[in-house]
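Right, one structure below, let's go through it.
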Amino acid sequence: MNKTWWKESVIYQIYPRSFNDSNGDGIGDINGITEKIPYLSELGIDVIWLSPVYKSPNDDNGYDISDYRNIMDEFGTMQDFDRMLAKAHEHGIKIMMDLVVNHSSDEHQWFQESRKSKDNPYRDYYIWKKTDNGEPPTNWGAAFGGSVWEFEEQTGEYYLHLFSKKQPDLNWENPVLRNEVYEMMRYWLDKGIDGFRMDVINFISKDTSYPQGEIREGHKYGNGSKHYMNGPRIHEFLQEMNKEALRDYDTITVGEMPGVTVEEGKLYTGEDRNELNMVFHFEHVGLGDGQYGKWDPRPWKLTELKEIFTKWQKGLENDGWNSLYWSNHDQPRAISRWGNGSDEYRVVSGKMLATCLHMMQGTPYIYQGEEIGMTNVNFNDINDYRDIETLNAYRDLTPDSLTHEEIFKGIHERSRDNARTPVQWDGSPNAGFTTGTPWINVNPNYEEINAEAVLKDEESIFHYYKKLIQLRKQNEVIVYGTFDLVMEEDEQIFAFTRTLGEDQLLVMCNFSGETPIFKLPETLSYSFKELLISNLNVNENESIDELTLKPYEARVYRLKK
Ligand code: NOJ
């Protein structure tokens, strides 16, 4: 396996709107990020993934871009951006930008032109279709509700939007559009940025015969996903992008890919395929989805979670590379989703989750606030939510498909706004995020859970993350060792080994609030063991042949033959 810096890195995601507001308008901004670079440097991360900062009317908080080469007014100026980039680089931190090119905003000049007439030079930058029966070209439902097709009176045709109608899909069949995208990527790389996280990049190649989607029970629209996920020309497009925009630079790339399988993942990330470094798959974050997806969640089992991770760990172990994440700006908070947010177990379960993730093979991602132990928010009024996905689901699903109570259970567990409440910097009003009125309310638990508090406390979750990051720098086995699951059938313990030559680690994580027994498999023999890290105090001489784990306990041992 080739050794590279992006395999050895830890990435920190910033969702700028909710990170830190420097000018009191209630919206996080670029100068706010620059202020906190020393904080990130203290944590020890290597790369920032910056969610979109481009000009945008914010129908979907910047994932609807109206100008790819300029900065959103609320976030600052290009000078602010350049200063932030320089300061990050001074601290040895790289910047990975979000690249949103499955769609643009309908307010992008390309779309403004495109919609004007059928012979406009920009017409084919987007996907326009005509029908004779007064029906949209397909029955596909859009991610944020309604049909994926929007009719335009002016030219009598429909345009495709897999997300909101203010996010028209770009037409990747058009080589002129593709070149515009590559040129824009080079513009940012020439500025000195270090790579791209690519938004729903496995959606860019559509089945151009546009077949109907299957309609599942209880749903009005068809599911078109198999006609645009990992589509017919996707590998060709990514290889072209690599050749035209990436290969002359030393970059890090990660493709966000709903519906990607391990087999596809190998093709996207294989060392000699010249596509991407890694992908974000969605298999674990979809666990427990109900009939209406995330809005009526069901319980999930640890064996299911372990099966998913093991499949990806083993699938990419010789060729390709994994990205590792519990949370991001589209997911609930890690502790609330996978651990335990109660006063008693919040910190210990957060540390356990961090241990489990950072000890697997792949590049770990920390979502802002995860390092201080932030949790989901329980707003009880729909008017306190800001996310288009949450608001549209509430509008479309209640009361016919789900009751108010049912969907609120889903919203509290899974809404994207759980991750979007402002980062809690200290115990002052609005958690020190802004001196103004925040665009979304802060989580009321900020007086207890905040960065100032965790920085002061050597035993805190922040210092634990810091230690995990340092261990990664000191132990090649954490980066490159092979992964093997142990105690496969156990519903409480997630345990595995990592092996690199003679070096072996044993990782034990208790995902439950109970006290299960860890049993060392007979195949694992050792003559000497050393405790590398643990989230509770451990007697180092204790035998590990059979031991009782405390609730949410995590330990990592180095074993020597
Ligand atoms: C995935 C992004 O992460 C999400 O926030 C966004 O709404 C959709 N793609 C559409 O861009």
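As the structure lists them, so they are numbered: ligands from 1, and atoms in each ligand from 1. Note that the numbering runs from 1 along the sequence shown for the chain.
- Taking the six-membered ring where the residue is Trp, Y228 and W140 present tilted rings, their angle falling between 30° and 60°.
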Please give the N or O to N or O pairs under 3.5 Å between ligand 1 and the protein, distances rounded to 0.1 Å.
residue: ligand 1; atom: 3 (O); partner: R197; partner atom: NH2; Å: 3.0
residue: ligand 1; atom: 3 (O); partner: H329; partner atom: NE2; Å: 2.8
residue: ligand 1; atom: 3 (O); partner: D330; partner atom: OD2; Å: 2.4
residue: ligand 1; atom: 5 (O); partner: H329; partner atom: NE2; Å: 3.0
residue: ligand 1; atom: 5 (O); partner: D330; partner atom: OD1; Å: 2.7
residue: ligand 1; atom: 5 (O); partner: D330; partner atom: OD2; Å: 3.4
residue: ligand 1; atom: 5 (O); partner: R416; partner atom: NH1; Å: 3.3
residue: ligand 1; atom: 7 (O); partner: D60; partner atom: OD1; Å: 3.3
residue: ligand 1; atom: 7 (O); partner: D60; partner atom: OD2; Å: 2.5
residue: ligand 1; atom: 7 (O); partner: R416; partner atom: NH1; Å: 3.0
residue: ligand 1; atom: 9 (N); partner: D199; partner atom: OD1; Å: 2.9
residue: ligand 1; atom: 9 (N); partner: D199; partner atom: OD2; Å: 3.1
residue: ligand 1; atom: 11 (O); partner: H103; partner atom: NE2; Å: 2.9
residue: ligand 1; atom: 11 (O); partner: D199; partner atom: OD2; Å: 2.7

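- Put simply, the side chain of F81 reaches to within 4.5 Å of the side chain of K191, judged on heavy atoms.
- Of the options Y63, Y367, Y365, F19, a ring pair (Phe, Tyr, Trp, His ring centres under 6.0 Å) to H329 is made by Y63 and by none of the others.
- Between the side chains of D29 and N31, not a single donor N or O lies within less than 3.5 Å of an accepting N or O.
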Exercise. Stepwise, does the ring pair (Phe, Tyr, Trp, His ring centres under 6.0 Å) test hold for H227 with Y210?
Worked result: CA-CA 7 Å; H227 308 299; Y210 287 95; 8.9 Å; no
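- For H103, the ring pair (Phe, Tyr, Trp, His ring centres under 6.0 Å) partners two or more places apart in sequence, or in a different chain, are F163.
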